[in-house]
Amino acid sequence: MSTEKHDASNVAQVEFEHNISSDSRSFAAALGILNNAIGKCQDNTIVALTENDYEQLVVLLGELTDVVRDDEDHLLTPLTQFVFGLIENYERKHIPELAELG
């Protein structure tokens, strides 16, 4: 995974801890970020991500990877992969030189 460092001081962050009740709240917060980033049009197509959405997703991916690490069976692994895919798609479209490095 290759992501670019961004100053994300104005970006909502999700703190993940290692217990079930806090992970559930963290998961809900992460889904809230995703919902805002990929809201759907009336025809159910995904709206193009903005630069702010991208920056929020980069921060979210960092938080997720800190928790998931290399555990392919972790509850948050599919979410991590989904966020990574959104970031890759954005980079391919808007930052092709960065996407080529990955």
Side-chain angles (χ1 to χ4, degrees):
M1 278 189 260
S2 109
T3 56
E4 183 177 305
K5 295 279 184 189
H6 289 276
D7 174 25
S9 56
N10 65 338
V11 176
Q13 294 189 9
V14 179
E15 294 294 327
F16 290 97
E17 297 175 22
H18 296 285
N19 66 58
I20 291 173
S21 63
S22 67
D23 279 347
S24 297
R25 287 189 301 275
S26 299
F27 186 69
L31 289 177
I33 290 170
L34 286 175
N35 187 43
N36 290 335
I38 62 166
K40 294 192 176 192
C41 295
Q42 289 180 350
D43 63 355
N44 286 331
T45 58
I46 294 177
V47 175
L49 298 178
T50 65
E51 184 176 351
N52 187 53
D53 294 332
Y54 168 75
E55 290 174 358
Q56 286 185 338
L57 291 171
V58 169
V59 170
L60 177 58
L61 181 62
E63 295 285 335
L64 287 166
T65 54
D66 285 346
V67 172
V68 172
R69 305 222 182 263
D70 294 329
D71 183 359
E72 293 180 11
D73 296 323
H74 194 284
L75 172 69
L76 298 175
T77 297
L79 178 61
T80 304
Q81 294 167 340
F82 180 71
V83 170
F84 180 71
L86 290 174
I87 290 169
E88 275 189 324
N89 289 340
Y90 180 91
E91 289 174 350
R92 243 183 261 115
K93 184 173 183 179
H94 299 283
I95 316 170
E97 63 278 1
L98 182 62
E100 290 173 9
L101 295 175

Enquirer: Is the closest side-chain donor-acceptor distance between E51 and Y90 under 3.5 Å?
Expert: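 No, Y90 and E51 have no side-chain donor paired with an acceptor closer than 3.5 Å.
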Enquirer: Show your working on side chain to side chain contact (heavy atoms under 4.5 Å, CB included) between Q56 and V58 and close with a plain yes or no.
Expert: CA-CA 5 Å; Q56 286 185 338; V58 169; over 6 Å; no
Enquirer: Just verifying a value: how many Å separate D70 CG and T77 OG1, rounded to the nearest 0.5 Å?
Expert: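 That separation rounds to 9.5 Å.
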Enquirer: With sequence neighbours left out, what residues match T50 under side-chain hydrogen bond (donor to acceptor under 3.5 Å, both in side chains)?
Expert: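 Scan of T50 (side-chain hydrogen bond (donor to acceptor under 3.5 Å, both in side chains), adjacent residues dropped) gives D53.
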Enquirer: Distance check, rounded to the nearest 0.5 Å: L64 atom CG versus F84 atom CZ?
Expert: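 Those atoms lie 13.0 Å apart.
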Enquirer: What's the spacing between Q81 CD and L61 CG if we round to 0.5 Å?
Expert: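 Going from CD on Q81 over to CG on L61, the span is 11.0 Å.
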Enquirer: Got a sec, which residues hit side chain to side chain contact (heavy atoms under 4.5 Å, CB included) with N89, two or more places apart in sequence or on another chain?
Expert: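 Per chain and number, N89 pairs via side chain to side chain contact (heavy atoms under 4.5 Å, CB included) with R92.
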Enquirer: Atom CD1 in I87, atom CG in L60: separation rounded to 0.5 Å?
Expert: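 I87 atom CD1 to L60 atom CG measures 7.5 Å (nearest 0.5 Å).
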Enquirer: To the nearest 0.5 angstrom, please state how far the NZ atom of K93 sits from the CG atom of L49.
Expert: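 Between K93 NZ and L49 CG, I get 9.0 Å after rounding to 0.5 Å.
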